[in-house]
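Side chains are part of it too, since the values below use all heavy atoms of this structure and drop only hydrogens, waters and symmetry mates. Numbers here simply count residues along the sequence, with the first being 1.
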Amino acid sequence: MQEENKEDFKEKIEKAKEELREYIDNIRYIEEKQNDAEELRARIEKTTQKLSDVQRGIGDNPDMAPLEENLDRIREIEKYCDKKLQELLIKKFLVEKKIEQLGQPYKSILYLRYIRGNTLNKVSEDMGYSYDHICKLHGKALKNYTEL
């Protein structure tokens, strides 16, 4: 029975680690997608301006239809990315909310490790504890995180 509890506990810890690692990956993904969206907006504005200039000079031009279709496609991609970003932001909020519920020093350890993306060596430096002590506290922090 006790062996089963250990396995269950290990599984919970691994799930917590995965959720926290996913948080870091999602933050990076969100940042990249936001950069992509900004680049797309700049291209759309530039292309739209060129299209307007061409249409003013030539009038109705059937050769412009593919360009307009591509602009529509870019807008669809942008909408999809915005939807995905909203989903990731919700996950981000939930992880941060769980971490905020922890007491110190666990909150700081998980914040520095997973929100800031620091290594446990860096966390131990920042907090003024030995690496071994931070490793033990990190384990307890994960345990407390799984119980939320």
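Electrostatic pairing of Lys122 and Asp126 counts as a salt bridge here, judged by a charged N lying under 4.0 Å from a carboxylate O. The existence of a salt bridge linking Lys91 and Glu19 is excluded, since no basic side-chain nitrogen approaches an acidic carboxylate oxygen closer than 4.0 Å. We find that Lys143 and Glu147 are joined by a salt bridge, their nearest charged nitrogen and carboxylate oxygen being less than 4.0 Å apart.
Glu96 and Tyr23 share a side-chain donor-acceptor pair at under 3.5 Å.
Taking hydrophobic clusters as Ile, Leu, Val, Met, Phe, Trp and Tyr residues chained together by side-chain heavy-atom distances below 4.5 Å, Ile99 does not share a cluster with Leu94. Side-chain heavy atoms closer than 4.5 Å link hydrophobic residues (I, L, V, M, F, W, Y) into clusters, and following such links, possibly through other members, connects Leu148 to Leu110.
Residues forming a side chain to side chain contact (heavy atoms under 4.5 Å, CB included) with Leu89 (at least two apart in sequence, or on another chain): Ile30, Gln86, Lys92. Partners of Glu39 under the side chain to side chain donor-acceptor pair (under 3.5 Å) rule, at least two apart in sequence or in another chain, do not exist in this structure.
Here the OH atom belonging to Tyr131 is positioned 8.0 Å from the OG atom belonging to Ser124, to the nearest 0.5 angstrom. To the nearest 0.5 Å, atoms CG (Leu102) and CD (Glu100) are separated by 9.0 Å. The CZ atom of Arg113 sits 12.0 Å away from atom CD1 of Ile134, with the distance rounded to the nearest 0.5 Å. Rounding to the nearest 0.5 Å places CG of Asn144 at 7.5 Å from OG1 of Thr146. Taken to the nearest 0.5 Å, the CG atom of Leu120 stands 10.0 Å off from the CG atom of Leu112. Of the inter-residue distances, the one linking Ile24 atom CD1 with Glu22 atom CD reads 11.0 Å to the nearest 0.5 angstrom.
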Residues Ser108, Met127; criterion side chain to side chain contact (heavy atoms under 4.5 Å, CB included); working and verdict: CA-CA 8 Å; Ser108 292; Met127 293 185 68; 3.9 Å; yes
Run the numbers on Leu142 and Lys17 for side chain to side chain contact (heavy atoms under 4.5 Å, CB included), then give the verdict. CA-CA 7 Å; Leu142 288 172; Lys17 285 181 180 180; 3.5 Å; yes
Please lay out, stage by stage, how Tyr145 and Gln101 fare under the test side chain to side chain contact (heavy atoms under 4.5 Å, CB included). CA-CA 9 Å; Tyr145 182 89; Gln101 293 176 39; over 6 Å; no
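The shortest heavy-atom contact between Leu137 and Pro105 is CD1-CG, 3.9 Å.
The environment of NZ in Lys12 is sparse: at most 12 heavy-atom neighbours from other residues, nucleotides or ligands sit within 6.0 Å. Within 6.0 Å of CZ on Arg116 lie no more than 12 heavy atoms contributed by other residues, nucleotides or ligands.
Between His138 and Tyr114, the ring center distance clears the sub-6.0 Å criterion.
Between Asn5 and Phe9, the closest side-chain pair of non-hydrogen atoms is not below 4.5 Å.
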